[in-house]
Structures are given as structure tokens and as C-alpha cells.
Amino acid sequence: MNTLTYPEAGATRLGPLPAGYHHLHHRTRVGHGRADFEAAGAAVTAFRMHRLSGARVSASAPRAEPGASVRVALGAGPFVFSAPCQVVWAEYGPERIGFAYGTLARHPECGEESFVAELADDGTVFFTVMAFSRPARWYTRLAGPLVPVAQLWYARRLGDTLRRIVTDGRAHRT
């Protein structure tokens, strides 16, 4: 089994996020109703949302399950950043579907990130990214305050992508 590079495994599931890290919390509306929720949950946990956002994802399982290895690569040409991770928790509930992965050795950051679709009482479907991280490599330390900006940009991109997946799926369901 791989070894996580931080001791607070699982903290993104329900919080609170641990001190000593940069915190990210981004929530966006992606749909409405049970069918949209199920479509969003499937896209999140099968890594489809990540892939359609431009990330290259290789995983040891077809959907997020605790212990699965995941490698996410972003960038182009000589500027490709590869991020080895391990799924630390996954949830497949009636109002909440998602997972979190934690960083492994050679990841540019140290910490954990969760991706969750939630069905609110009024039927609104939300997508939430929650993370705690700090630099683990010389180049992320050098990038300093740009890393949190890039993380927020990516969280917003994932939300926009998931909204498109849900909307496209709705068009095919009708």
C-alpha cells in the first residue's frame, strides 16, 4: 500500500480542515433533481469530470474506492505536472456522492482534496471541492501565492465541466 505524505487523512470528509495548510473551499450549483445528482455523482467518481476538464487521469479502479491509486497529470509539453495520489475515502449515499484523494511521494503538494456532489433538500445539486495543502516540491514553494490561485481556478473549471456534463446528460434523458 502507498504511504500518504500527511497525517490528517480523511479530514476533507466532514472537516474541520487541519491548521498549517492552505485551505480551499469552492461550491457551485451544477443542476437540480435526483437525475442530475446521480449524473454528477457518476461523473465525479468515475474521474470523467477530471478528464473532460483537461486532466490526464490514470486510476487503478474504474471508480473512486478507498485505497485506489490515482495519477493526475496537468499541463502541456515540458510543463506537465504529475500528481500521484491515493483515494482515502469514497461516499455513495442518497444525498452525497464523492471522494477524496491524498498526496503520495513525488506529488507537488502535500495534503488532501475532495470532490463531492450533494443533493440539497430543495433539489439543488451542488458540487464542492474542499482541500488542504502546502508545497512539497521546490517549484511549488517557489510559485508561492500562485499555487492557491491555480487550485481555485482548477476547482472552478471542474465545477463548470460538471455543470456541462449534467446539462448534456439532461438533454439526452428527455
Side-chain angles (χ1 to χ4, degrees), residues 2-31 37 40-41 43-45 47-55 57 59 64-75 79 81-93 95-121 124-163:
N2 294 314
T3 304
L4 298 171
T5 59
Y6 63 100
E8 303 91 350
T12 58
R13 188 168 204 153
L14 298 173
L17 299 181
Y21 297 86
H22 171 263
H23 294 170
L24 171 67
H25 187 264
H26 177 69
R27 186 176 194 219
T28 188
R29 183 185 185 282
V30 296
F37 167 70
V44 168
T45 57
F47 312 107
R48 182 171 177 230
M49 171 192 66
H50 284 81
R51 288 183 177 109
L52 292 177
S53 292
V57 178
E65 296 294 344
S69 297
V70 180
R71 182 174 295 274
V72 180
L74 294 168
F79 302 105
F81 297 94
S82 182
C85 303
Q86 181 179 342
V87 176
V88 294
W89 63 262
E91 185 172 339
Y92 294 91
E95 282 88 34
R96 186 174 147 94
I97 299 173
F99 75 98
Y101 50 49
T103 58
L104 299 173
R106 301 184 63 181
H107 192 291
E109 291 282 302
C110 171
E112 186 174 294
E113 191 167 20
S114 68
F115 311 93
V116 177
E118 295 174 286
L119 181 61
D121 290 341
T124 303
V125 179
F126 290 101
F127 170 65
T128 302
V129 177
M130 192 177 320
F132 60 92
S133 64
R134 60 181 171 225
R137 312 286 283 175
W138 68 267
Y139 51 86
T140 49
R141 284 190 291 279
L142 184 64
L146 296 178
V147 173
V149 172
Q151 289 171 328
L152 178 58
W153 172 84
Y154 187 60
R156 288 179 175 160
R157 181 175 176 89
L158 290 173
D160 291 344
T161 300
L162 188 57
R163 187 179 306 108

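This chain uses plain numbering: 1 for the first residue, then up along the sequence. For clarity, every value in this text was computed on a predicted model and none was experimentally measured.
In terms of modelled atom types and a separation under 3.5 Å, the side chain of His107 and the main chain of Thr5 share no donor-acceptor contact. Distance alone, capped at 3.5 Å, places no donor-acceptor pair between the Glu112 side chain and the Tyr101 backbone. At distances below 3.5 Å, at least one donor-acceptor pair connects side-chain atoms of Thr161 with backbone N or O atoms of Arg157. Judged by distance alone, with hydrogens and angles left aside, the side-chain atoms of Arg27 form no donor-acceptor pair with the main-chain N or O of Thr128 at under 3.5 Å.
Between Thr12 and Trp89, the side chains place a donor N or O and an acceptor N or O closer than 3.5 Å (distance only, hydrogens not considered). Residues Ser82 and Arg71 have side chains that bring a donor and an acceptor to within less than 3.5 angstrom of each other.
For the atom pair CD (Glu118) and CZ (Arg96), the distance works out to 5.5 Å, reported to the nearest 0.5 Å. Atoms CD and SG, on Glu109 and Cys85 in that order, are 11.0 Å from each other to the nearest 0.5 Å. For the atom pair Trp153 CH2 and Leu158 CG, the distance stands at 9.0 Å (nearest 0.5 Å).
Closest heavy-atom contact between Pro148 and Gly144: CD-O, 3.5 Å. Taking both residues in full, the closest heavy atoms of Ala90 and Ala64 are given as CB-O, 3.5 Å, listed atom of the first, atom of the second, then distance. Nearest heavy atoms, Ala40 versus Val30: CB-CG2, 4.4 Å. Across all non-hydrogen atoms, the minimal contact from Phe37 to Glu95 is CZ-C, 3.5 Å. When all heavy atoms are compared, the tightest approach of Ala105 to Pro84 is O-CG, 3.3 Å. Gly102 and Val88 get closest at one heavy-atom pair: N-CG1, 4.0 Å.
Between Asp160 and Arg163, at least one side-chain N (NZ, or NE/NH1/NH2) sits under 4.0 Å from a carboxylate O, which counts as a salt bridge.
Counted within 6.0 Å of CZ on Arg141, heavy atoms from surrounding residues, nucleotides or ligands total more than 12; the atom is thus considered enclosed. By the 6.0 Å contact criterion, CZ on Arg29 is enclosed, its count of non-hydrogen atoms from other residues, nucleotides or ligands being greater than 12.
Remark: aromatic rings of Phe99 and Phe47 are close, center separation under 6.0 Å. Ring centroid separation for the pair Phe127 and His26 does not come in under the 6.0 Å cut-off. Phe132 has its ring centre less than 6.0 Å from the ring centre of Tyr6.
At least one side-chain heavy atom of Leu17 sits under 4.5 Å from a side-chain heavy atom of Met130. The shortest side-chain heavy-atom distance between Leu24 and Leu152 falls under the 4.5 Å cut-off. For the pair Gln86/Leu4, a side-chain contact is recorded, criterion being any heavy-atom separation below 4.5 Å from C-beta on. The shortest distance between side-chain heavy atoms of Ser114 and Arg13 does not fall below 4.5 Å. The shortest side-chain heavy-atom distance between Ile97 and Val116 does not fall under the 4.5 Å cut-off. Using a 4.5 Å cut-off on side-chain heavy atoms (C-beta onward), His22 and Val147 make no contact. For the pair Tyr154 and Leu74, the minimum side-chain heavy-atom distance is below 4.5 Å. The shortest side-chain heavy-atom distance between Leu162 and Val44 falls under the 4.5 Å cut-off.
Relative to the ring axis of Tyr21, Arg134 places its NZ or CZ within 45° and under 6.0 Å from the centre.
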| request: Report the C-alpha separation of Thr3 and Leu104 in whole Å, then their side-chain angles, then the decisive distance to 0.1 Å, and conclude whether the side-chain contact (heavy atoms from CB on, under 4.5 Å) test is met. | output: CA-CA 6 Å; Thr3 304; Leu104 299 173; 5.7 Å; no
| Test log, rule side-chain contact (heavy atoms from CB on, under 4.5 Å), inputs Val129 and Glu113 | CA-CA 7 Å; Val129 177; Glu113 191 167 20; 3.5 Å; yes
